[in-house]
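A quick write-up on the structure given underneath.
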Amino acid sequence: MANNILKNELFESFANASDNIYIYVCDMESDLSRWSKNTVDYFGLEGEYIEGAGAKWMEHIHPDDRALYLKDIEAVFSGASDRHSCQYRAKNKYNDYVWLECKGSVIPGKDGHGVFAGIMTRLDNQNKYDPLTHLLTGYEMQKYDFSTGRGAILLLGINAFRKINNTSGFLYGNKVLVALAECLQRFMDKNDRVYRLQGDEFIVLSPNGSKGKLREFFKSVNDYCTNIRGLKSFSVSAGLVSYPEDGTDFNTLMSNMEHSLEYAKEQKQEWIAEFSEKISQRHYRASLLHEALTKSIYNNFEGFELYFQPILDARTRKIVECESLLRWKTPEIPDATPYEFIKLLEDSGEIREVGFWVMEEALRHAAMWQKEYGNISVSFNVSYIQLLDGEFIDKLIAKARELQVDPRFVMVELTESCNAEDTEMLSRQFGRLQELGFKIAMDDFGTEYASFGLLHDVSMDVLKIDQKFVRGLIREGNMTDMAIIESVVDMCRRLSIQTVAEGIETEEIQDIIRSIGVSFLQGYLYSKPVPADEFERMIRQEQS
Ligand code: C2E
Ligand code: CA
Ligand code: CA
């Protein structure tokens with residue numbers, strides 16, 4: 001009988017649901033209970049099946065919490081209550097107490113005796129020690145008194161941790177976290193403290209330490225991370241503050257460190273940034289901008305506009321295409337650049353909404369111009385995160401049908417493709433578009449954002465060579481850039497991929513680019529991005 005209740009498929013699937021959820025069932029008549037494997041492992045129990053578990057589990061409970069626990073559980077067993085629900089601390093196999101929220105209830109059986117079943121959730125954000133690395137948690141750090149004394153603090157984050165997790169798996173990601181925790185402890189001074197925050201972030205607190213000391217520490221850590229046995233090389237970034245200079249309470253210091261870490265990750269050069277007035281200003285500006293952006297989106301995309309930049313056939317030097325480029329004006333911050341506000345939209349996920357608007361506007365103009373002027377192609381930019389679900393592609397196909405746009409003259413440019421982790425998904429989604437005749441371009445080829453890797457996995461129609469490369473062509477003695485572009489163009493020709501050179505500003509560069517055999521030309525030499533009516537004037541002028 002007991003076996004039937006305790007051997008249950010539902011139990012099996014529940015038991016594997018999550019790392020920090022522990023479950024048990026107990027046959028109340030025989031007092032035989034079953035505990036999920038992770039419970040046995042984490043709390044060091046004698047086995048999956050335990051007789052008289054009540055008393056044994058009691059030994060794990062913190063002495064201060066036992067009375068509370070007993071009262072709650074006795075109410076269930078005496079029949080006074082049908083539910084057990086309380087929070088208490090329990091000792092794990094490392095002899096650390098962790099906070100648990102325990103909820104259980106009695107399920108009455110047919111023959112009078114019932115089953116007691118429950119779920120214990122580990123409340124990690126209240127725990128003193130992080131269960132994975134056994135470091136102190138951020139919760140513990142909040143208790144530290146920063147209002148007296150002085151010292152320095154380093155906030156570390158693993159670069160591209162999401163990518164590590166996605167490409168090598170969750171378990172591998174955990175190994176990286178554990179290795180970094182060990183490394184931090186190895187290099188820290190005797191009086192320093194190391195904490196693990198959520199995700200891939202760690203703190204090193206150095207009471208009486210200096211920023212200079214932590215900088216040295218950071219260097220040693222990064223050197224070490226390139227060469228850990230059994231792990232691929234990885235690197236960390238850091239934000240650095242000192243107290244009382246940069247704050248005297250946890251929240252201020254924490255947010256100043258977060259902004260510095262963000263800055264360090266963007267700069268990418270040193271990978272470490274000390275909190276400064278400049279960082280504080282940048283953050284302030286970003287939050288103003290973000291607020292104004294959200295307001296614009298909410299007000300029916302007020303202030304957003306598409307500009308169009310002509311793209312010429314390299315042989316005829318006639319306009320055959322245009323790239324749609326997003327503009328946004330706000331009186332609050334009139335000098336906000338597309339790079340700036342698009343990054344904010346990407347970070348907040350609002351680029352999805354704005355992206356739908358861009359796509360519709362671009363298609364609307366494409367429909368108009370195809371009717372009026374023949375086959376002018378229109379391209380528009382799409383960030384990887386816009387493609388994470390199929391909705392974008394569905395809407396694009398539907399909208400193009402509705403507006404009767406010929407898909408062969410519509411091109412999607414994938415920007416910042418470095419973030420493209422799921423190339424299989426991309427390949428599938430782009431495949432759907434290509435079957436219908438839409439064209440796909442890889443933007444910014446030659447930068448860290450886009451390179452050969454993606455080209456191998458995803459079929460592209462067009463490759464846009466980044467401006468940095470194009471402009472580099474006239475630097476004296478720059479044979480390398482020249483050779484690289486030549487071989488890229490050559491490779492594309494063999495793969496039937498067309499090429500666009502971006503950022504052509506002078507006749508000299510134009511001539512070099514044409515001699516290499518690039519298919520299309522784009523740049524200020526021909527025109528800056530302009531509003532729709534101005535672009536129309538340009539086409540009309542050319543056609544007359
Ligand atoms: P991008 O896709 O590489 O666009 C080309 C950028 O180069 C544009 O900057 C354009 O104005 C600029 N440009 C073109 N020719 C020249 C030239 O000869 N010299 C110089 N110095 N610059 C030239 P813009 O409009 O500021 O856009 C910046 C970036 O913002 C774009 O780079 C693209 O990555 C992103 N972006 C723009 N519109 C959208 C959009 O609707 N959606 C998304 N996701 N990203 C967009
Ligand atoms: Ca582009
Ligand atoms: Ca580009």
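Atoms within each ligand, like the ligands themselves, are counted from 1 in listed order. The structure displayed is predicted, hence computed values, not measured ones. Both backbone and side-chain heavy atoms feed into the values below; hydrogens, waters and symmetry mates do not.
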Ignoring hydrogens and geometry beyond distance, is a side-chain donor-acceptor pair present between Trp328 and Glu305 at under 3.5 Å?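 Glu305 and Trp328 do not have a side-chain donor-acceptor pair below 3.5 Å.
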
Restricting to N, O or S atoms, which atom of Asp444 is closest to the Ca ion (ligand 3)?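 Distance check against the Ca ion (ligand 3) picks out OD1 in Asp444.
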
If I consider every N, O or S atom in Asp443, which one ends up closest to the Ca ion (ligand 3)? I only need its name.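 Of all N, O or S atoms in Asp443, the Ca ion (ligand 3) lies closest to OD1.
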
Say whether [X] and ligand 1 are in contact under the criterion: heavy-atom distance to a ligand atom below 4.0 Å.
X: Lys464; result: no
X: Val358; result: yes
X: Lys528; result: no

Starting from [atom], find the nearest protein heavy-atom neighbour and note its residue, name and distance.
atom: atom 2 (O) of ligand 1; result: Asp443 OD2, 2.8 Å
atom: atom 34 (O) of ligand 1; result: Thr415 CG2, 3.7 Å
atom: atom 38 (N) of ligand 1; result: Leu326 N, 3.1 Å
atom: atom 13 (N) of ligand 1; result: Gln467 NE2, 3.4 Å
atom: atom 19 (N) of ligand 1; result: Glu505 OE2, 2.5 Å
atom: atom 29 (C) of ligand 1; result: Tyr339 CE2, 3.5 Å
atom: atom 11 (O) of ligand 1; result: Pro529 CG, 3.2 Å
atom: atom 36 (N) of ligand 1; result: Ile342 CD1, 3.2 Å

Under-4.0 Å salt bridge between Arg285 and Glu340: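 Yes, this pair counts.
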
Can you tell me the angle formed at the Ca ion (ligand 2) by OE2 of Glu323 and OE1 of Glu413, to 10°?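 About 90°, to the nearest ten degrees.
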
Check: Met482 and Leu473 side chains under 4.5 Å, non-hydrogen atoms: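 Contact flag for Leu473/Met482 side chains = yes.
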
Please determine if Lys232 forms a cation-pi arrangement with Tyr172, meaning its NZ or CZ atom is less than 6.0 Å from the six-membered ring centre and no more than 45° off the ring axis.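 Here Lys232 passes the 6.0 Å and 45° test against Tyr172.
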
Residue Asp444 vicinity, atoms of ligand 1 by number, heavy atom under 4.0 Å: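 Counting atoms of ligand 1 from 1, those under 4.0 Å from Asp444 are 3 (O).
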
For the rings on His259 and Phe275, is their centre-to-centre separation under 6.0 Å?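 No, the ring centres sit 6.0 Å or more apart.
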
Of the side chain and backbone of Met359, name the one, both, or neither that has a heavy atom under 4.0 Å from an atom of ligand 1.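 Neither; no heavy atom under 4.0 Å.
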
Thr415 near the Ca ion (ligand 2): N/O/S under 3.0 Å: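 Of the N, O and S atoms in Thr415, none lies under 3.0 Å from the Ca ion (ligand 2), which means no.
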
